[in-house]
> 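To start, I am sharing the structure in question, which I have written as structure tokens.
Position 1 is the first residue of the sequence, and the numbers go up from there.
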Amino acid sequence: RIAKTGTAGSATCRKCKMLGVWVMFANVINPLISAKGIPERLKPHVKNADRLEQEFLQIEADGQRWLEQYTEVFDAGVTPYVHIIGKHVASMLKKGGFSIGEWSQQEFEACHKLIRRIFHGHEVRHVQNG
């Protein structure tokens, strides 16, 4: 469901809000989650623990701000993936040797396909034998 509309360029303009959500995602969030290895944003701070921690706090704030913008526009559409990105991107990046770009839903999707195949196959056999 998409939030109410307003005048183009206004604070309530649906298209403007949607554009804001995706511009922030493209410019701030995506470079963090699509990086293989250390995101470019973190590389200058790797050798300075205090500055790195400050950057993680800023990433946490950015994720929260993006999630708030997202929920304002798509008020009923927060998926687990969106929640994880908005709430946990900083903590996931803090884990050593872990890149969000390498994290995916492949295992879950494979399981979902298997379950569909089992149930679909069961329904077909049941109809054929029934």
Side-chain angles (χ1 to χ4, degrees):
R1 186 173 149 221
I2 298 175
K4 297 178 184 176
T5 62
T7 305
S10 74
T12 59
C13 171
R14 178 182 71 182
K15 288 182 181 178
C16 297
K17 287 181 180 182
M18 289 173 66
L19 181 60
V21 168
W22 297 119
V23 165
M24 183 172 185
F25 183 85
N27 294 328
V28 178
I29 305 297
N30 192 53
L32 296 169
I33 65 173
S34 63
K36 300 290 184 190
I38 299 171
E40 291 298 318
R41 179 175 173 177
L42 296 176
K43 286 180 181 179
H45 313 296
V46 170
K47 294 183 180 181
N48 183 334
D50 291 336
R51 184 64 188 116
L52 187 60
E53 185 57 33
Q54 288 176 355
E55 196 62 33
F56 281 132
L57 290 173
Q58 184 59 53
I59 290 169
E60 187 175 340
D62 291 345
Q64 181 62 39
R65 190 172 77 245
W66 176 76
L67 184 60
E68 288 168 3
Q69 289 177 356
Y70 185 96
T71 56
E72 185 178 340
V73 174
F74 306 102
D75 53 304
V78 177
T79 65
Y81 192 75
V82 168
H83 166 82
I84 288 169
I85 291 171
K87 289 286 191 177
H88 306 289
V89 68
S91 61
M92 293 175 78
L93 288 169
K94 281 183 181 182
K95 295 183 180 189
F98 182 82
S99 168
I100 294 176
E102 296 165 358
W103 176 69
S104 71
Q105 299 179 31
Q106 288 176 334
E107 291 82 9
F108 177 78
E109 291 299 325
C111 181
H112 179 70
K113 287 177 185 175
L114 177 62
I115 290 170
R116 267 196 343 223
R117 196 172 334 133
I118 290 169
F119 281 108
H120 178 69
H122 172 71
E123 290 172 3
V124 170
R125 282 191 302 275
H126 180 70
V127 171
Q128 289 172 346
N129 294 333

> Measuring from I85:CD1 to I33:CD1, what's the distance to the nearest 0.5 Å?
4.0 Å

> Can you tell me how far apart CG (L32) and CD1 (I38) are? Round to the nearest 0.5 Å.
12.5 Å

> Could you give me the CA-CA distance, side-chain angles and deciding distance for H88 and H83, then say whether side-chain contact (heavy atoms from CB on, under 4.5 Å) is met?
CA-CA 8 Å; H88 306 289; H83 166 82; 3.2 Å; yes

> Work out which heavy atom in M92 is nearest to a heavy atom in I84; give both atom names and the distance.
SD-CG2, 3.4 Å

> Once you round to the nearest 0.5 Å, how far does CD of Q54 lie from CG of N48?
8.0 Å

> For P31 and A26, which heavy atoms make the closest approach, and how far apart are they?
CD-O, 3.3 Å

> Let me check something: do V23 and I29 share a hydrophobic cluster, defined by ILVMFWY side-chain heavy atoms less than 4.5 Å apart, either directly or through other members?
no

> Examine W66 and L57 and state if one hydrophobic cluster contains both, with Ile, Leu, Val, Met, Phe, Trp and Tyr joined whenever side-chain heavy atoms are less than 4.5 Å apart.
no

> Quick one: does R14's side chain get under 4.5 Å of K17's, heavy atoms only?
no

> Answer yes or no: is there a side-chain heavy-atom contact under 4.5 Å between V28 and R41?
yes

> Anything under 30° is parallel, anything over 60° is perpendicular, the rest tilted; go ahead and classify F25 against W22.
perpendicular

> Can you see whether D62 engages Q58 through a side-chain donor-acceptor pair at a distance of less than 3.5 angstrom?
yes

> Identify the heavy atoms of P39 and L93 that sit nearest to each other, and give their distance.
CG-CD2, 3.9 Å

> When you check the gap from the basic side-chain N to the acidic O, do R65 and E68 get nearer than 4.0 Å?
no

> Hey, what do you get for CG (L42) to CZ (R51), rounding to the nearest 0.5 Å?
10.0 Å

> Count I, L, V, M, F, W, Y as connected when their side-chain heavy atoms are under 4.5 Å apart, and connections chain through other members. Are L19 and V73 then in the same cluster?
no

> For V82 and V78, work out which heavy atoms get closest and say how close.
CG1-CG1, 4.2 Å

